[in-house]
Structures are given as C-alpha cells and as structure tokens.
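Whatever order the structure lists them in is the order used to number ligands and atoms, beginning at 1.
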Amino acid sequence: MPIYLLLMGGPGAGKGTQAQFLREKFGLPQVASGDLFRDNLKRQTPLGQLAKQYMDRGELVPDDVTISMIRERLQQADAKNGAMLDGFPRTIPQAEALDGLLAEFGGRVNVALYVKVPEAVLLERLSGRWTCRGPGQHTYHMLFNPPKHDKLCDVDGTELYQRPDDTPEVQSRRIRVFFEQTSPLIEFYRQRGLLSEIDGEQPIEQVTAQLVGAVEGVLAA
Ligand SMILES: [Zn+2]
C-alpha cells in the first residue's frame with residue numbers, strides 16, 4: 001500500500017530543507033502543488049491550459065483541476081510507493097477531495113507533518129532580510145547575519161535596503177494568510193489522529209530527526 005505524507009508549515013518554517021531531506025531518506029517524491037502548476041503551464045498540457053483560462057480571468061483555479069494534476073503526478077512510476085504532498089490541501093474541501101483521490105490509489109493520508117513555528121518567529125525570520133544597492137546585491141539578515149556597520153554592505157560599502165517583498169508589512173500579511181487558511185486544516189487532521197506536530201524552533205537537525213521519527217512510526221505501523 002502506498003504511503004502518503006503531508007508536509008505543512010508556514011513561510012519561513014524551513015519546510016523546503018526538510019522536504020529535500022525526507023525525499024532522499026525515504027525515496028518518496030515531493031509533490032508540490034505550486035511546482036505542478038508551473039510544470040503544467042510550461043508544458044501547456046490540457047490541464048495547464050484549463051488552469052490558465054481561470055488565472056487569465058483572475059479567478060481561482062477550481063480544486064478539481066488541481067486534483068487532476070495531482071492524480072497525473074501520482075500515476076507516475078516514481079510515486080508508486082507513495083509521495084510527500086506539499087502545499088496541498090489548503091482547505092478542508094481540498095482535504096476531503098484528496099481523501100477521495102488517494103483512495104483511488106488504495107491509500108490515504110498516513111500522517112500530516114506540521115512544522116510548527118509561532119507567527120512572531122516566522123516574521124522575525126522573514127522580515128530581517130536586507131540587500132545592498134551594489135551590483136553584487138549582497139544580502140544580510142539583521143538578526144542572523146547582520147552587517148558590521150549599520151545598513152552598509154560589508155563588501156562594497158553601499159547602502160542596504162529592503163526589497164518590497166522582504167518588508168515586515170508584506171511578510172506579516174503572508175504569514176497571517178497562512179495561519180488563517182491552515183488552522184482549520186490542522187484541526188481537521190488532529191481530530192482524525194493524523195497530525196504530527198514538530199517544534200520548528202529547534203535546531204534544523206532536531207527538526208529533521210523528529211520528522212524522520214514520525215515517518216518511521218507510520219512505516220512501522
Ligand atoms: Zn554589497
């Protein structure tokens with residue numbers, strides 16, 4: 001029976017690094033809904049063209065289009081033992097649709113891994129990034145990798161500035177959207193006994209070790 005893992009975590013929770021590690025460790029492909037969209041649009045597949053019609057009109061792509069993309073991906077040979085889903089589901093209707101899809105493959109969500117990092121910590125991680133105006137565009141983090149001199153690049157002495165996407169305003173909105181969307185989903189999986197919460201404020205290696213432990217627990221069951 002295939003194994004399906006969900007990987008959940010806010011922006012800045014370090015999910016990308018962990019996903020890569022889990023993929024190598026367990027040989028399960030990472031199926032990220034964002035990547036599927038980009039890939040289908042780029043290859044101009046029928047599903048990509050369908051999705052594009054909605055996007056061109058500024059509408060949300062309906063869940064059944066996304067589900068169809070995931071179905072196609074899960075049918076590929078490298079996913080025969082299962083997959084690690086990332087970025088989907090985001091809502092409870094999507095979670096229910098996913099249950100139906102995985103049942104087609106004789107599987108189900110085996111565990112929902114949630115890398116939990118408080119909102120304030122995510123904001124600290126994401127909004128501390130400053131970039132220099134020099135041609136090298138060197139980047140700093142005001143907490144984790146600050147410049148020697150306030151707001152000046154160590155390398156070329158040019159002024160540091162925040163790119164619009166790096167500002168606290170933009171990042172805090174992004175983080176808030178994540179929590180608003182995801183909180184009901186966390187409850188959904190908690191109530192089904194499928195949630196495995198991992199403290200994402202620990203050092204990266206410890207987060208990895210706990211994720212591995214959670215997956216091994218599922219594999220042994
Ligand atoms: Zn510089």
Side-chain angles (χ1 to χ4, degrees), residues 5-26 28-44 48 51-52 55-56 58 60-61 84-88 90 113-183 197-212:
L5 317 174
L6 298 188
L7 194 55
M8 302 192 289
K15 198 163 55 96
T17 315
Q18 300 295 344
Q20 197 180 340
F21 185 87
L22 291 176
R23 196 176 57 207
E24 284 162 17
K25 169 95 184 162
F26 296 105
L28 294 174
Q30 182 186 1
V31 175
S33 53
D35 293 343
L36 285 182
F37 268 102
R38 277 186 290 277
D39 179 57
N40 276 278
L41 289 173
K42 199 171 120 207
R43 291 191 293 122
Q44 301 188 5
K52 191 171 181 302
M55 292 157 81
D56 286 347
L60 285 176
V61 177
M84 181 170 50
L85 290 154
D86 178 5
F88 190 93
R90 293 211 171 167
L113 303 161
Y114 175 43
V115 181
K116 187 178 180 183
V117 178
E119 209 165 326
V121 176
L122 291 178
L123 186 60
E124 210 174 69
R125 289 184 186 176
L126 291 177
S127 65
R129 203 173 131 101
W130 288 67
T131 307
C132 90
R133 295 198 186 272
Q137 302 185 21
H138 305 107
T139 57
Y140 297 85
H141 193 288
M142 287 305 163
L143 289 175
F144 309 128
N145 174 32
K148 291 194 185 76
H149 303 287
D150 190 35
K151 308 271 167 76
L152 292 177
C153 179
D154 292 351
V155 183
D156 51 37
T158 61
E159 183 199 6
L160 303 182
Y161 73 106
Q162 275 206 302
R163 292 183 171 163
D165 282 353
D166 293 333
T167 58
E169 294 73 31
V170 170
Q171 290 300 343
S172 86
R173 200 177 315 132
R174 194 174 154 218
I175 293 164
R176 209 165 337 116
V177 167
F178 168 80
F179 280 102
E180 279 169 13
Q181 279 191 333
T182 313
S183 302
E197 260 180 303
I198 282 108
D199 174 6
E201 283 189 276
Q202 305 174 95
I204 289 180
E205 306 76 52
Q206 264 169 274
V207 175
T208 306
Q210 292 190 3
L211 285 168
V212 167

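- With no hydrogens or angles considered, no side-chain donor-acceptor pair links Q20 and Q30 at under 3.5 Å.
- Stacking of R133 on the aromatic ring of Y161 is recorded, both the 6.0 Å distance cut-off and the 45° axial limit being met.
- Within the 2.8 Å limit, D154 places no N, O or S atom next to the Zn ion (ligand 1).
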| request: Starting from the C-alpha separation in whole Å, work towards a yes-or-no answer on side chain to side chain contact (heavy atoms under 4.5 Å, CB included) for R176 and E119. | output: CA-CA 8 Å; R176 209 165 337 116; E119 209 165 326; 4.1 Å; yes
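- The angle that C153 SG and C132 SG make at the Zn ion (ligand 1), rounded to 10°, works out to 120°.
- Rounding to 10°, one obtains 140° for the angle at the Zn ion (ligand 1) between OD1 (D156) and ND1 (H138).
- At a cut-off of 3.5 Å, with distance as the only test, a side-chain donor of Q18 or T208 sits close to an acceptor on the other residue.
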